[in-house]
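This report concerns only the one structure given below.
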Amino acid sequence: MSTTRTRAATDTLTRDALTVLQPGFRGTTAPDWVLRRLDEGLAAVAVFGRNVESPDRLAALTAQLRAVRDDVLVAVDEEGGDVTRLEVRTGSSYPGNLALGAVDDPALTRAVARDLGRRLAACGIHLNWAPCADVNSDPGNPVIGVRSFGDDPALVARHTAAYVDGLQSAGVAACTKHFPGHGDTAVDSHHDMPRVGVDLATLRERELVPFRAAVAAGTRAVMSAHILLPALDPVRPATLSPAALHGLLRAPEAEGGLGFDGLIVTDGIEMRAISAAYGIERGSVLALAAGADALCVGGGLSDEETVLRLRDALVRAVRDGDLPEERLADAAARVRALAEWVRGAGGAGAGASGASIPGAGAEEGAAPAPGLIAARRALRRTAREPFTPLTEPVHVAAFTPVANVAVGDETPWGVAAELTRLLPGTTTTVYGAERATAEGTEQLVAALLTGAGRRRVVAVVRDAHRHPWMAGALTTLVAARPDTVVIEMGVPQAPPCGALHLATHGAARVCARAAAEALTGAAAEG
């Protein structure tokens with residue numbers, strides 16, 4: 001082979017290897033290395049909360065990227081609800097999936113997803129790693145929870161389909177996750193390898209139902225999960241398993257598969273479920289060989305060196321015979337095909353003109369936005385006696401667990417800010433597991449009541465059923481002050497001790513607003 005042909009083959013391999021990467025980076029403007037790699041074949045980048053200062057600055061960032069490569073795919077993990085990158089510093093204007101599932105109005109879910117899609121498109125983002133199609137069958141799940149539409153496969157399926165339709169009607173590609181289903185796990189794959197011990201019949205009757213609906217709705221992408229299902233593949237997690245990706249997701253329905261022909265994206269390749277067992281280079285090669293088309297990386301490792309390591313690992317694997325060249329070429333072609341879909345949907349270049357970014361909250365005097373409507377409708381109140389709206393300042397006791405990696409610890413949550421807005425003079429104290437352990441439940445509650453004085457206590461919790469210290473503190477608090485209001489902003493379980501209990505089905509800012517309005521009787525004014 002001539003030197004020219006060898007160089008051309010090498011260039012093609014290198015470009016294809018860069019094309020299948022979806023890396024993140026640091027800063028609110030694109031680093032020079034990202035711009036250089038775009039010119040060399042990098043076809044997608046991911047933005048995270050660290051890249052977002054404001055919607056207009058984000059639109060300027062995506063315009064900067066498109067000035068180098070006009071068909072670049074800009075991806076984001078914007079689920080709404082607890083997981084937001086667009087509003088990482090304020091909390092989301094959209095309730096999450098569990099709230100939408102509680103309302104169970106697919107038309108409203110579609111409207112919320114379309115409204116969110118319009119905001120993303122206006123910022124120049126056209127690939128969203130959402131929605132979660134996981135059936136949250138394990139109430140103790142540490143990573144899914146309110147990110148799921150619920151625990152009923154049929155409900156999750158109809159809302160997954162509605163979400164996909166709404167998002168893509170705004171020109172933003174949906175990436176339905178986490179295939180084949182992360183809902184029946186007791187381990188967070190950010191930290192370790194979850195194992196799902198169900199048989200294939202259960203998998204088909206439960207986990208796969210929403211993914212089948214997403215494929216039927218035309219989802220442009222599907223994200224794989226780093227979970228081990230021994231009934232499907234006893235050795236490799238779904239992201240690295242040909243049985244999961246090629247044999248189940250890609251295979252025609254007549255052969256027992258889902259018949260999906262779009263882009264398969266991995267969950268973060270640096271997550272410990274993959275990196276600890278395989279390393280990111282080998283994990284990336286195995287994922288592509290198994291049938292994945294794009295590698296998500298950058299939630300943690302967001303530097304040029306990581307991109308070059310993965311690029312070179314893929315090229316080397318082709319040369320060594322560990323990754324068929326046609327498999328890499330096929331994966332790269334699927335990435336480019338999604339970019340072409342974005343062009344056809346009117347997405348390329350959106351957000352680059354400096355046009356104003358549409359808001360998601362209800363403006364003064366305007367009709368409520370879909371997110372606020374959904375958050376209000378998702379509220380569930382349980383009380384033994386008729387409720388009298390709060391009119392005096394209260395004391396908010398926020399019982400705060402450690403946030404999982406998907407949610408992050410940057411995004412504020414709770415109702416203190418909203419109640420302070422409606423009831424000026426409201427005070428708040430934050431309690432965590434360390435303090436509860438150090439002081440003991442009774443001492444903690446005694447200090448809480450001293451701080452509250454004569455004010456009514458509003459206790460705010462998040463997945464109280466998963467945190468014994470939190471549940472114990474609630475029981476002690478309600479026994480001492482039966483008029484305590486309990487607001488559950490996670491997955492709701494039985495209300496404690498008969499107290500007035502308000503379930504928001506998520507901790508988004510819009511959910512906090514809806515709860516505060518309901519407690520003060522202000523909702524009718526919005």
Side-chain angles (χ1 to χ4, degrees), residues 16-17 19-22 129 133-134 173-182 189 193-196 198-204 207-216 218-269 271 273-274 277-278 280-297 310 313-314 317-318 320-338:
D16 284 350
T19 296
V20 302
L21 302 181
Q22 295 187 351
W129 295 328
D134 308 296
C175 183
T176 306
K177 62 188 183 186
H178 305 81
F179 181 84
H182 209 314
S189 52
M193 180 76 75
R195 179 187 176 96
V196 179
V198 302
D199 57 26
L200 288 179
T202 301
L203 185 73
R204 292 184 182 280
E207 274 76 12
L208 295 185
V209 173
F211 289 98
R212 195 173 293 114
V215 172
T219 186
R220 306 305 303 187
V222 169
M223 177 175 283
S224 65
H226 306 330
I227 59 174
L228 186 68
L229 294 103
L232 187 63
D233 187 327
V235 177
R236 290 182 179 174
T239 292
L240 312 184
S241 170
L245 302 188
H246 180 73
L248 189 59
L249 183 54
R250 284 271 189 244
E253 293 183 59
E255 299 176 13
L258 272 62
F260 178 64
D261 195 40
L263 189 75
I264 299 177
V265 183
T266 71
D267 206 345
I269 207 71
M271 292 164 61
I274 299 298
Y278 299 91
I280 62 170
E281 291 98 331
R282 181 164 179 253
S284 296
V285 170
L286 290 174
L288 265 290
D293 306 306
L295 303 169
C296 168
V297 63
L310 296 184
L314 295 176
V318 171
D320 292 345
D322 296 326
L323 176 64
E325 183 174 356
E326 58 271 21
R327 172 77 274 271
L328 178 60
D330 173 64
R334 290 179 186 276
V335 174
R336 296 177 189 121
L338 182 59

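Note that this is a predicted model, so its numbers are computed, not measured.
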Can you find a heavy atom in the side chain of I227 that is under 4.5 Å from one in the side chain of R195?
-> no
Between L200 and L232, is a side chain to side chain contact (heavy atoms under 4.5 Å, CB included) present by the stated rule, with each step listed?
-> CA-CA 7 Å; L200 288 179; L232 187 63; 4.1 Å; yes
Can you pull the salt bridge (Lys or Arg N to Asp or Glu O under 4.0 Å) pairs that have at least one residue in residues 235-263, sequence neighbours excluded?
-> R250-D293, D261-R334
Which atom pair, heavy atoms only, marks the closest approach of P194 to A273?
-> CD-CB, 4.5 Å
Side-chain heavy atoms of D267 within contact of H178, under 4.5 Å | yes
Which residues satisfy the side-chain contact (heavy atoms from CB on, under 4.5 Å) test with V209, sequence neighbours excluded?
-> P153, A157, R212
With sequence neighbours excluded, tell me which residues meet side-chain contact (heavy atoms from CB on, under 4.5 Å) with A201.
-> D199, E205
Check I274 against P237 and note the closest heavy-atom contact, atom names and distance.
-> CD1-CG, 3.9 Å
Who passes side-chain hydrogen bond (donor to acceptor under 3.5 Å, both in side chains) against S284, sequence neighbours left out?
-> none
Salt bridge (Lys or Arg N to Asp or Glu O under 4.0 Å) partners of R336, counting only residues at least two apart | D16
A174 backbone acceptor or donor facing T219 side chain under 3.5 Å = yes
Separation of I269 CD1 from H226 NE2 (nearest 0.5 Å) = 5.0 Å
When the side chains of residues 242-249 are checked against the rest of the protein, which donor-acceptor pairs come out under 3.5 Å, sequence neighbours left out?
none

Mind listing the closest non-hydrogen atom pair of A331 and V20 along with its distance?
-> CB-CG1, 3.9 Å
How many angstroms lie between CG in L295 and OG1 in T19, if you round to the nearest 0.5 Å?
-> 11.5 Å
Which heavy atom of V285 sits nearest a heavy atom of A313, and at what distance?
-> CG2-O, 3.8 Å
Closest approach of L229 and P180, non-hydrogen atoms and distance?
-> CD1-CG, 3.6 Å
List in chain and number order the residues that pass side-chain contact (heavy atoms from CB on, under 4.5 Å) with C296, two or more places apart in sequence or in another chain; answer none if no residue qualifies.
-> W129, V265, T266
Measure the shortest side-chain to side-chain distance between F179 and I264 over non-hydrogen atoms and say whether it is less than 4.5 angstrom.
-> no
Set of residues satisfying side-chain contact (heavy atoms from CB on, under 4.5 Å) with respect to V318, sequence neighbours excluded = L13, L323, E325, L328
CG/L263 to CE/M223 distance, rounded to the nearest 0.5 angstrom?
-> 10.0 Å
Distance-minimising heavy-atom pair for P230 and L228 = CD-O, 3.5 Å
So which pairs with a foot in residues 220-234 pass salt bridge (Lys or Arg N to Asp or Glu O under 4.0 Å), sequence neighbours left out?
-> none
Between H182 and D134, does a side chain to side chain donor-acceptor pair (under 3.5 Å) hold up when you go through it step by step?
-> CA-CA 6 Å; H182 209 314; D134 308 296; 6.0 Å; no
